[in-house]
Amino acid sequence: MRLVSPWFLLLVAACSSTPLPNLARFRPSDVGELASLPAGYSAGETLRVSCSRAPRAKAFKAETLASVDCNVARLSRVLRARAGELAAPFIVGKACHGRGGARGKVECSAKVAHPSSSIGLDASASARDLGPAPSAEMVVDLDEPRPQDDEQIHVAYAPTALGERTAFAPRSYDAVAETHWPSVGRRELGQISADCANCAPLQLRHALRVTAGHVGAGEVTAVKCFQDDSGLVCVATALTPWSS
């Protein structure tokens, strides 16, 4: 029988009593954006994200959520979400640029900033606690808890005859209502769907509203979610807005 040295046992006890570093992850709204590295922080890895815009007012399928909401605001949120996964309270030096073309493309990059041991992650997070009233960014956290999953979520749009011949201005998802029964007076614009292998229903319901906003719909109704061989699928009917 092999004996264990008493010194080894003392070493294990000492290590187990040492507190582990705080590696708490941050929500996107917890991560700030700075132009340059602040005192007491060190630069980490460079994060890069991009998207290509999906067509509007035409049928499409297998587009990613990022492609129907391709803009600097979304990419910035994805950068902050990925930094939060790395327990970084800030991103610094964000740079974005776009280029035209049939689909257009937007690219953004930024470095993550990690605090030194003298600052600590708890202090960094508490500095952005603005009180009991949620900010607009916190509300988006509730609607879309994981924006970094947008490349895994695929959406589709099948317009009706009305949807094919009528173009409505795109709108933000928060200007798209979700109803159980269609509102009186709103006409059917088309059918939309969202699917993902490993997402929650809340994420796909959010994706439906984003997609509806992309094609100019003012309402999604009769939302249904179900599991198939590829994962979770949600479908809905997109309705015209009250006004263009």
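Scope of the values below: all heavy atoms of this structure, side chains included, with no hydrogens, waters or symmetry mates.
- There is no side-chain donor-acceptor pair under 3.5 Å between Glu151 and Gln148.
- Taking the side chain as every heavy atom from C-beta outward, Val233 and Gln227 never approach each other to under 4.5 Å.
- The closest side-chain heavy-atom distance from Asp149 to Cys196 is not below 4.5 Å.
- With salt bridges taken as basic N to acidic carboxylate O contacts below 4.0 Å, one links Arg77 and Asp141.
- A donor-acceptor pair shorter than 3.5 Å can be found between the side chains of Tyr173 and Asp143.
- Using a 4.0 Å cut-off between charged side-chain N and carboxylate O, Arg27 and Glu85 make no salt bridge.
- Donor-acceptor pairing under 3.5 Å is recorded for the side chains of Thr179 and Glu219.
- Salt bridge Lys111/Glu45: absent, no basic N to carboxylate O contact under 4.0 Å.
- Of the inter-residue distances, the one linking Thr46 atom OG1 with Ile91 atom CD1 reads 11.5 Å to the nearest 0.5 angstrom.
- At least one side-chain heavy atom of Pro145 sits under 4.5 Å from a side-chain heavy atom of Leu202.
- For Glu164 and Lys58, the salt-bridge test fails: no basic side-chain N is under 4.0 Å from an acidic carboxylate O.
- Using a 4.5 Å heavy-atom threshold, the side chains of Glu107 and Arg99 count as touching.
- A heavy-atom distance below 4.5 Å is not found between the side chains of Asp195 and Cys234.
- Looking at Pro201 and Leu232, their side chains come closer than 4.5 Å, going by heavy atoms from C-beta outward.
- If you chain together hydrophobic residues whose side chains sit under 4.5 Å apart, Val235 and Val223 never meet in one group.
- Sorted by first and then second residue, the salt bridge (charged side-chain N to carboxylate O under 4.0 Å, His left out) pairs with a member in residues 31-42 read Glu33-Arg80, Glu33-Lys94; sequence neighbours excluded.
- Residues Ser183 and Trp242 share a closest heavy-atom pair of CB-CZ2, 4.1 Å.
- Counting heavy atoms from C-beta on, the side chains of Pro55 and Arg103 come closer than 4.5 Å.
- With hydrogens and angles left out, the side-chain atoms of Gln152 and Asn198 include no donor and acceptor closer than 3.5 Å.
- Proximity of Ser116 to Tyr41: side-chain heavy atoms (C-beta onward) are nowhere separated by under 4.5 Å.
- Residues Val210 and Leu239 fall into different hydrophobic clusters, defined by Ile, Leu, Val, Met, Phe, Trp and Tyr side chains chained together at heavy-atom separations under 4.5 Å.
- Side-chain contact check for Thr221 and Thr237: no donor-acceptor pair (N or O, by modelled atom type) lies under 3.5 Å.
- Residues Val215 and Phe168 share a single hydrophobic cluster, defined by chaining ILVMFWY side chains whose heavy atoms lie under 4.5 Å apart.
- A salt bridge does not link Lys61 to Glu63: none of the charged side-chain nitrogens sits closer than 4.0 Å to a carboxylate oxygen.
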